[in-house]
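Only one structure is covered here, and it is reproduced in the block below.
Read the numbers this way: they start at 1 and go in the same order the structure lists the ligands and their atoms. For reference, positions follow the sequence shown, starting with 1. On a predicted model such as this, the values are computed, not experimentally measured, just so you know.
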Amino acid sequence: MMTPRILDGNAIAAQIKAEVAAEAQALAAKGVRPGLAAVLVGNVPASEIYVRNKVRTSEQLGLYSDLITPPETVTTEEMLDVVAQLNARDDIDGILIQLPLPKQVNAKRLLEAVSPEKDVDGFHPVNVGRLQTGQPALAPCTPAGMIEILKRSDIPIAGQNAVVIGRSDIVGKPISILLLQENATVTICHSKTRDLASVTRNADILVAAIGRPGFVTPEMVKPGATILDVGINRISSREEFDKYFAGDEKREQAFLLKGSTIVGDVHPEAFKVAGAYTPVPGGVGPLTIAMLMANTVRAAKLRRGLV
Ligand code: NDP
């Protein structure tokens, strides 16, 4: 068996970020500084880390960024007000509302209130519809990043059988649409799919966006396939660790030090059957922020008719 190729998401994300920084510089010469507003409600530790990374990255790339932090007790009306103000600001090109929101806030109403022009997460129904109908749109960051991984790794998409496990609005559905646009033959699977392995074994490109550790096992993979593993699952028990990583000394050291590690939706043994795959961590994950930055610059250009 050939050694599978590891698709290095960190390297590809770094490349995209360098391109974004160059574009930001070119825009600066025209007096334009793309701006990203991040709205972080309350004190969810994971959200705080994500948002801090997003703000830091925007600044590193020469974008303007503004962090807005309404309290945990904020109402839907107050949040709609925050969004309306951001929609109106000329220095803001992208609006990011970090999820999850507290339960008293109507998240759907809020996401629909974001101006589609500034919807850098690509969650607004107008952008979803534009994407679906092949019009210029801001595409959701994680799926857009997955396409970048394939293209920049010279993995053919047109005519290939692509199988997507998962049909969420954030990953499964949009990656299916993007793969279709690239002329793959796309099959979307979910929890009601019958004999999943018989479907996934046809995949030249297999996307796992399920949210279950090590779900994809070797017999589900066509030898030589490309696997994109979107899953981020934290495991902290020794038993689970051994189930996925027995014998992986580097991983074990990190696990013992931290008390936990991250496993994707694909079992490490299944990667061995693949021709190429995105590791977890360091595969699909890093692309999300990179594409958020790219979307912000794109939104700035689209809004000013510079594209
Ligand atoms: P969701 O929970 O919204 O969707 C999971 C999907 O998996 C559903 O469509 C579900 O089917 C399907 N599914 C669940 N169990 C099975 C099963 N036994 N067989 C087949 N299909 C099944 O998850 P997300 O799409 O939001 O996220 C998926 C994973 O990706 C998570 O681990 C998440 O943390 C990670 N993620 C990573 C990102 C990044 O790298 N930046 C960004 C976003 C997510 P059904 O619809 O029938 O219930």
Side-chain angles (χ1 to χ4, degrees), residues 7-14 16-17 38 44-47 49-54 57 96-101 107-108 111 120-123 128 139-150 162-179 186-203 206-217 219-221 227-236 240 244 260-268 270 277-295:
L7 306 174
D8 183 349
N10 285 315
I12 295 169
I16 292 170
K17 285 193 273 189
V44 181
S47 297
I49 295 172
Y50 291 144
V51 169
R52 210 182 309 136
N53 278 339
K54 290 169 184 173
T57 308
L96 162 106
I97 300 173
Q98 186 65 42
L99 303 176
L101 289 164
K108 277 228 154 94
L111 295 180
V120 281
D121 266 333
F123 295 157
V128 176
C141 300
T142 305
M146 293 157 73
I147 296 290
E148 290 298 325
I149 293 179
L150 293 174
V163 175
V164 178
I165 317 176
R167 55 171 162 181
S168 70
D169 292 335
I170 296 175
V171 187
K173 280 183 203 157
I175 187 59
S176 303
I177 296 296
L178 290 173
L179 287 164
V186 182
T187 307
I188 308 174
C189 302
H190 46 77
S191 65
K192 305 289 190 295
T193 298
R194 231 188 303 139
D195 195 3
L196 184 63
S198 74
V199 183
T200 59
R201 267 200 305 271
N202 278 323
L206 179 60
V207 173
I210 311 154
R212 294 181 175 220
F215 181 88
V216 173
T217 46
E219 66 279 7
M220 295 170 74
V221 179
I227 306 180
L228 299 176
D229 186 356
V230 189
I232 302 178
N233 310 290
R234 188 166 287 283
I235 55 167
S236 48
E240 271 194 299
Y244 305 114
S260 69
T261 191
I262 306 254
V263 61
D265 288 345
V266 179
H267 196 292
Y277 69 93
T278 58
V280 176
V284 172
L287 269 297
T288 303
I289 289 193
M291 296 313 290
L292 178 70
M293 301 299 129
N295 268 355

Heavy-atom proximity to atom 4 (O) of ligand 1, best of C141, G172, S168, G285: S168
Proximal candidate to atom 8 (C) of ligand 1 [heavy atom criterion; set H190, R167, R212]: R167
Is a side-chain N or O of D265 found less than 3.5 angstrom from the main chain of G211, in a donor-acceptor match? yes
Please report whether ligand 1 has a polar contact with I232, defined as an N or O pair separated by less than 3.5 Å (distance criterion only). yes
I need the contact type for T142 against ligand 1. Using non-hydrogen atoms and a strict under-4.0 Å cut-off, is it side chain, backbone, both or neither? side chain
Residues forming a ring pair (Phe, Tyr, Trp, His ring centres under 6.0 Å) with Y244, sequence neighbours excluded: H267
Part of I210 with heavy atoms under 4.0 Å of ligand 1, whether side chain, backbone, both or neither: both
Given the protein's heavy atoms, is any one of them under 4.0 Å from atom 27 (O) of ligand 1? no
Donor-acceptor pair, side chain of T193 and main chain of L196, under 3.5 angstrom: no
Evaluating non-hydrogen atoms only, which member of C189, G231, A209 is closest to atom 6 (C) of ligand 1? A209
Pick one of side chain, backbone, both or neither for how L287 approaches ligand 1, counting any non-hydrogen atom pair under 4.0 Å. neither
Quick note on ligand 1: atoms under 4.0 Å from a heavy atom of I165 include exactly 20 (C), 21 (N)
Residue set satisfying side chain to side chain donor-acceptor pair (under 3.5 Å) with T288, at least two apart, ordered chain then number -> T142
